[in-house]
Amino acid sequence: CLLVNNYSRSGYSKLIRDCLDYVDFHYMEPLTLTSLADQYYVSNTHLSALFKKEVNMNLKEYIQEVRLRQARFLLNTTRLPIQEIAANCGFMDVNYFTRVFRKVHGISPREYRNRIQEGEQEIVGAAKHQN
């Protein structure tokens with residue numbers, strides 16, 4: 001994954017690559033434009049403009065995308081409670097997490113998990129009937 005990420009990010013400036021990597025590894029922490037700008041000794045305005053220009057989304061959208069990607073992974077692969085998944089992905093408020101998840105995916109995290117589980121049961125059931 002890291003090699004693919006590094007290759008796919010080769011067209012970005014060093015600052016943006018560093019920010020993307022930082023978000024990818026620290027998504028569970030409180031992250032803001034100001035905190036990242038301070039970390040890399042640039043102004044909020046400069047980081048915001050460069051990020052939008054190179055990544056085609058703002059930093060807040062990228063952070064949300066990374067957090068939701070991790071949440072989907074955890075919903076697919078674990079039995080962790082929704083509240084724990086939200087916290088593990090950097091959402092300190094489970095209600096906010098649910099609203100954001102529903103806005104992006106059209107269903108709640110619980111519905112998403114249920115559909116995944118139903119799909120797995122259908123696959124398992126179909127395999128049993130073929131044998």
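- With 3.5 Å as the limit, one finds a donor-acceptor pair spanning the side chains of Tyr62 and Asp24.
- Here the side chains of Asn114 and Ile107 are not in contact, with every heavy-atom distance at 4.5 Å or above.
- The shortest distance between side-chain heavy atoms of Glu84 and Thr78 does not fall below 4.5 Å.
- Atom CG of residue Leu68 and atom CD1 of residue Ile63 lie 12.0 Å apart, to the nearest 0.5 angstrom.
- Other residues, nucleotides and ligands contribute only 12 or fewer heavy atoms inside 6.0 Å of the CZ atom of Arg110.
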Check step by step if side chain to side chain contact (heavy atoms under 4.5 Å, CB included) holds for Asp18 and Tyr12.
CA-CA 10 Å; Asp18 289 348; Tyr12 295 139; over 6 Å; no
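- Residues Asp21 and Arg17 are not paired through a salt bridge, judged by the lack of any N-O separation under 4.0 Å between the basic side chain and the carboxylate.
- Distance check, rounded to the nearest 0.5 Å: CZ of Arg72 to OG1 of Thr77 gives 12.0 Å.
- Classification of the Tyr22-Tyr40 ring pair by plane angle, with boundaries at 30° and 60°, yields perpendicular.
- Across all their heavy atoms, Thr98 and Ser108 have their closest contact at CG2-CB, 4.3 Å.
- Rounded to the nearest 0.5 Å, atoms CD (Gln83) and CE (Met92) are 11.0 Å apart.
- Every pair tested for salt bridge (charged side-chain N to carboxylate O under 4.0 Å, His left out) that includes a residue from residues 26-37 fails, sequence neighbours excluded, so the list is empty.
- Nearest heavy atom pair, residue Leu31 against residue Tyr27, reads CD1-CA, 3.9 Å.
- Considering only heavy atoms from C-beta on, Leu75 stays 4.5 Å or farther from Ile116 through its side chain.
- No donor-acceptor pair closer than 3.5 Å links the side chain of Glu54 to the backbone N or O of Ile16.
- Applying the salt bridge (charged side-chain N to carboxylate O under 4.0 Å, His left out) rule to pairs touching residues 94-106 yields Arg102-Glu111, sequence neighbours excluded.
- Counting non-hydrogen atoms of neighbouring residues, nucleotides and ligands closer than 6.0 angstrom, the NZ atom of Lys52 exceeds 12 such neighbours.
- For Lys53, there are no side-chain hydrogen bond (donor to acceptor under 3.5 Å, both in side chains) partners two or more places apart in sequence or in a different chain.
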Please determine whether side chain to side chain contact (heavy atoms under 4.5 Å, CB included) holds for the pair Met28 and Gln70, giving the CA-CA distance in whole Å, both sets of side-chain angles, and the decisive distance to 0.1 Å.
CA-CA 10 Å; Met28 70 294 295; Gln70 182 62 18; over 6 Å; no
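- How far SG of Cys19 is from CG of Leu59: 6.5 Å, rounded to the nearest 0.5 Å.
- The structure places OG of Ser43 at 8.5 Å from CG of Leu33, a figure rounded to the nearest 0.5 Å.
- A heavy-atom distance below 4.5 Å is not found between the side chains of Arg67 and Gln64.
- In this pair, Phe101 and Tyr112 present their aromatic rings perpendicular. The plane angle is above 60°, beyond the 30 to 60° band.
- Contact check for Phe51 versus Asn58: no side-chain heavy atoms found under the 4.5 Å cut-off.
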How far apart are the C-alpha atoms of Arg113 and Ile82, what are their side-chain angles, what is the distance that settles it, and do they pass the side chain to side chain contact (heavy atoms under 4.5 Å, CB included) test?
CA-CA 10 Å; Arg113 176 179 269 167; Ile82 302 297; 4.1 Å; yes
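- With values rounded to the nearest 0.5 angstrom, Asp38 atom CG is found 7.0 Å from Asn44 atom CG.
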